[in-house]
Amino acid sequence: MTTALETPASLKLISHKLCPYVQRAVIALKEKGVPFERIDIDLANKPDWFLKLSPLGKVPVLVVTTDSGEVALFESNVICEYIEETQGGAKLHPADALKRAEHRAWMEFGSAILGDLWGLETTTDPATFETKRQALVAKFGRVEAALGAGPYFAGDMFSLVDAVFAPVFRYFDVFDELTELGIFSDLPKVRAWRAELAKRPSVRTAVGADYPQLLRAFLVRHDAHLLKLAA
Ligand SMILES: N[C@@H](CCC(=O)N[C@@H](CS)C(=O)NCC(=O)O)C(=O)O
């Protein structure tokens, strides 16, 4: 069935520079070569127009304008799926339904693992910090076990799983450096995958060379207790 939504006239991504959920949508758009407008907002002082658009008050939101009007899509994985379904360019999902479902499951995993990190960020107790750290190490161990020969999650094909995990790794790298999480030391396939993702032009544009510096400053400002835990 063809609907008006399948031919958007314009795409506007409501964004925050440091948000790894936004970055996965940017990567998908860049991989497809789709023109879009990016509007950064201040999450500490959300504008009213944004709160009207975003049911959860979270970025990203993709505002899709068609002949019938505007639709504000939220949830980054849903946005990525919409981009994949409606835009030409390289395919970012496998053609096989079972493989595609597997990929979607790993996209969810990539979101959940970010949530686990944020649970750890708010911890002030060293014992809880260590328990959560070990849980993360175990989860990345599952990622290691799921990886094949590379260079990407699905071999030669860059997919939405790669788009989801590339910003996750960039986020963890900064966090790892500040707190000595030591998550990746025994995970050679994850390390190799992470290095390949960092080279990808879409990832470099979406995450930006200044990202580690900006995120580090943000974490130090908002999560100063972590530095004490790591000391
Ligand atoms: N499940 C959401 C998560 C998005 C999310 O947590 N975004 C954060 C920034 S990285 C946000 O907007 N936080 C603002 C808030 O919660 O007030 C998605 O995948 O899009």
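In listed order, ligands and their atoms are each counted from 1. Just so you know, these numbers use all the heavy atoms, side chains as well, and skip hydrogens, waters and symmetry mates.
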> Would you say the side chains of Glu85 and His93 form a donor-acceptor pair under 3.5 Å?
Replying inline: no
> Considering only heavy atoms of Pro60, which atoms of ligand 1 have at least one such atom less than 4.0 Å away?
Replying inline: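 Near Pro60, the atoms of ligand 1 are 20 (O).
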> Which atoms of ligand 1 are found less than 4.0 Å from any heavy atom of Lys46?
Replying inline: 14 (C), 15 (C), 17 (O)
> With a 4.0 Å cut-off, would you call Asp116 and Lys132 a salt bridge?
Replying inline: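 Result for this pair is no, no salt bridge flagged.
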> Do any N or O atoms from the side chain of Arg191 and from the backbone of Ser185 form a donor-acceptor pair under 3.5 angstrom?
Replying inline: yes
Protein residue, atom and distance nearest to [atom], heavy-atom basis:
| atom | result |
| --- | --- |
| atom 20 (O) of ligand 1 | Ser76 N, 2.9 Å |
| atom 2 (C) of ligand 1 | Glu75 OE1, 3.4 Å |
| atom 16 (O) of ligand 1 | Lys58 NZ, 3.0 Å |
| atom 9 (C) of ligand 1 | Cys19 SG, 3.4 Å |

> Would you say Arg142 has more than 12 foreign heavy atoms packed within less than 6.0 Å of its CZ?
Replying inline: no
>> Is it the case that ligand 1 has an N or O less than 3.5 angstrom from some N or O of Tyr21?
In response: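 Not met; the criterion fails.
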> Which pair of heavy atoms, one from Ser111 and one from Arg24, lies closest together, and at what distance?
Replying inline: OG-NH1, 2.8 Å
>> Test ring pair (Phe, Tyr, Trp, His ring centres under 6.0 Å) on Phe153 and Phe158; report intermediate values, then the result.
In response: CA-CA 7 Å; Phe153 184 79; Phe158 184 93; over 10 Å; no
> For ligand 1, is there an atom lying under 4.0 Å from some heavy atom of Val59?
Replying inline: yes
